[in-house]
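Have a look at the structure below, then the notes.
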Amino acid sequence: MEDLYSDVQAGLRLKAPYALPQAMSELELRDFFARLDGENRSLKCFAGAGVYHHCTPAALDSLLARSEFLTAYTPYQPEVSQGTLQYIFEYQSMMCELTGLEVSNASLYDGTTATAEAMLMCVAAARRKKRVLISATVNPAVAQVCATYARWHGIALETVPEKDGVTCRESLREMLGSGDVAGVIVAQPNYYGIVEDHEGLADEVHAAKSLLAMNCVASTLGVLRSPGEWGADIAMGDAQSLGMPMNYGGPYLGYMCTTRTLMRKMPGRIVGATTDGNGQRVFVLTLQAREQHIRRDKATSNICSNQGLMSLHCAVYLSLLGTKGLTEINEVGCHNAHILAAKLSATDKMALAYPDRPFLNEFMMRMADGYTACSVIKAGLAEGILAGVEIAPDLLLVACTEMQTAADIERYVSFVNKLKQ
């Protein structure tokens, strides 16, 4: 052991024995973790801000474990990786249908880094332009990661101000006027849950010889106008809302779709379908613009894994729900959100922060004088409810999905009515 750790300075080494408990049998270990699990409190979740509580179909876990899908970690050899390649191809096809764009990769770690990669794509496509604009209505966590990427890639990332909860188009036009903008990043729905009207935005961005990238909540693409219909060049975001458990923050899945002209600027893998010598349908890796396959300085990104398991999860989830199921989930979440927003607004404790803006399943409440978002969240915990996300001392972001019942909504409103200043 001394030889093994000889490179570690003596002052940094642990001198005492490791404080490890006695070994347990399998039965004792199961009982131990069962007791720990029993101490957890299960809260009814009304929080969102990029992570949403959706139902995971019971069949999904069984299908994820099928050996024909999971035998190949990385599909370098197509002849022994057909299951893996097929589900990636199906995943790509479904994401293209949802986003209205021509090409999907497979895939990225999460929606935050996917947005940062989209920023890099804009700059790579523009060649000499190093300036990217990001709307103030994009999730701040996403914007912060983009800022980190920008700093080390020599990109000038600037924020487009918001106006009444949406991207300020007047400010955006002025910023585009300089002619040195490589790309513009907006959200749909935005951080406040508002469904922004991006009519004509793509034309303005393209007129400035820039690219338009849209960060979208994946599940909402089942009912909202797609990025392709808005005229976006890149669509990206997190696919966690497609039935992935919240699970303390991961693993999630970053999706990215783009136009055919930008395909070779996109990181990750692309799987294609073809026929073999016997005329059978087969799948192959078509593009692999990654550092493991080509010279590091020629790679579009250093993404080294494609979150294959989560791509499979997404493909199975969408296959099980279909168009009708995804539509119904959005309809239920929208209904619950509007019912709750109306009931909360009817109290004297809070009101909609942007009452004239449309929202789907997430909305922001502004606290009345004497009340705070923190006090609502604390009161909700006592009732077994996670009431939302504090955006500011007087702003509470609330999300609804198909997972809340009418009784849950009534419980929420009931404890709010009992709040005291």
Side-chain angles (χ1 to χ4, degrees), residues 95-104 111 114-115 118-119 121-123 125-126 129-139 142-143 146 155-218 220-237 255-262 265-266 330 334 353-364:
M95 294 312 299
C96 285
E97 186 172 351
L98 277 178
T99 61
L101 291 169
E102 297 169 294
V103 185
S104 168
T115 307
M119 175 188 69
M121 277 182 64
C122 291
V123 172
K129 297 179 180 179
K130 287 279 191 177
R131 186 167 168 239
V132 175
L133 309 180
I134 186 168
S135 172
T137 65
V138 171
N139 190 316
V142 174
C146 288
I155 297 171
L157 183 66
E158 299 178 19
T159 302
V160 181
E162 65 174 87
K163 183 178 181 180
D164 298 326
V166 298
T167 308
C168 180
R169 293 287 283 271
E170 292 81 5
S171 297
L172 177 58
R173 291 188 192 101
E174 184 178 338
M175 297 170 83
L176 284 171
S178 62
D180 61 348
V181 175
V184 177
I185 301 171
V186 296
Q188 186 71 314
N190 70 22
Y191 183 53
Y192 310 129
I194 296 170
V195 179
E196 294 199 30
D197 182 2
H198 293 306
E199 192 67 45
L201 176 60
D203 292 336
E204 294 179 16
V205 172
H206 294 155
K209 297 187 178 347
S210 305
L211 297 178
L212 176 61
M214 278 193 178
N215 179 296
C216 303
V217 178
T220 67
L221 295 175
V223 293
L224 296 180
R225 186 189 293 192
S226 71
E229 291 173 307
W230 285 117
D233 303 286
I234 307 170
M236 66 286 169
Y255 73 87
M256 179 182 283
C257 300
T258 188
T259 58
R260 189 181 296 271
T261 55
L262 292 172
K265 302 295 183 184
M266 186 165 56
N330 278 283
C334 182
Y354 301 106
D356 297 326
R357 299 294 186 186
F359 63 91
L360 182 63
N361 71 316
E362 193 166 19
F363 55 93
M364 191 157 68

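Throughout, numbering of the chain's residues begins at 1 and tracks the sequence.
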Just how far is it from atom [atom1] of [X] to atom [atom2] of [Y], taken to the nearest 0.5 Å?
X: T167; Y: L133; atom1: OG1; atom2: CG; answer: 11.0 Å
X: M121; Y: M256; atom1: CE; atom2: CE; answer: 5.5 Å
X: L262; Y: R260; atom1: CG; atom2: CZ; answer: 12.0 Å
X: I185; Y: T159; atom1: CD1; atom2: OG1; answer: 10.0 Å
X: K265; Y: C122; atom1: NZ; atom2: SG; answer: 12.0 Å

Are side-chain heavy atoms of [X] and [Y] found at a separation under 4.5 Å?
X: V181; Y: M175; answer: no
X: L211; Y: V205; answer: no
X: V217; Y: P189; answer: yes
X: C168; Y: L172; answer: no
X: L360; Y: C334; answer: yes

Please step through side-chain contact (heavy atoms from CB on, under 4.5 Å) for the pair L176 and V184, ending with a clear verdict. CA-CA 9 Å; L176 284 171; V184 177; 3.9 Å; yes
Would you say [X]'s side chain and [Y]'s backbone share a donor-acceptor pair under 3.5 angstrom?
X: K163; Y: E170; result: no
X: D233; Y: L212; result: yes
X: R173; Y: E204; result: no

Restricting to side chain to side chain donor-acceptor pair (under 3.5 Å), what partner residues turn up for [X], sequence neighbours left out?
X: N190; result: E196
X: E102; result: none
X: E199; result: R225
X: S104; result: none

Does the side-chain contact (heavy atoms from CB on, under 4.5 Å) test come out yes or no for N361 and N330, once each step is laid out? CA-CA 8 Å; N361 71 316; N330 278 283; 5.9 Å; no
For [X] versus [Y], what's the shortest heavy-atom pair and its separation?
X: C146; Y: T115; value: SG-CG2, 3.7 Å
X: L98; Y: L221; value: O-CB, 3.8 Å
X: F359; Y: G193; value: CB-O, 3.3 Å
X: A187; Y: T137; value: CB-O, 4.1 Å
X: G100; Y: S226; value: CA-OG, 3.8 Å
X: R357; Y: V166; value: NH2-CG2, 3.5 Å

Residues that [X] engages under salt bridge (Lys or Arg N to Asp or Glu O under 4.0 Å), provided they are two or more places apart:
X: R131; value: E158, D180
X: E229; value: none
X: E162; value: none
X: D197; value: none

Start with the C-alpha distance between K129 and V123, add both sets of side-chain angles, then the distance that settles side-chain contact (heavy atoms from CB on, under 4.5 Å), and finish with yes or no. CA-CA 6 Å; K129 297 179 180 179; V123 172; over 6 Å; no
Qualifying ring-ring contact (aromatic ring centres under 6.0 Å, His included) pairs with a residue from residues 163-192, counting only residues at least two apart or across chains: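 Matches after skipping sequence neighbours: Y192-Y354.
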Audit row: N215, M236, side-chain contact (heavy atoms from CB on, under 4.5 Å) steps and yes/no: CA-CA 5 Å; N215 179 296; M236 66 286 169; 4.0 Å; yes
Would you please name every residue forming a side-chain contact (heavy atoms from CB on, under 4.5 Å) with A143, sequence neighbours left out?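 Per chain and number, A143 pairs via side-chain contact (heavy atoms from CB on, under 4.5 Å) with I134.
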Could you name each residue pair satisfying salt bridge (Lys or Arg N to Asp or Glu O under 4.0 Å) that touches residues 181-190, not counting sequence neighbours?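 Residue pairs passing salt bridge (Lys or Arg N to Asp or Glu O under 4.0 Å), neighbours aside: none found.
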Which residues share a ring pair (Phe, Tyr, Trp, His ring centres under 6.0 Å) with Y255, sequence neighbours left out: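 For Y255 there are no ring pair (Phe, Tyr, Trp, His ring centres under 6.0 Å) partners, ignoring immediate neighbours.
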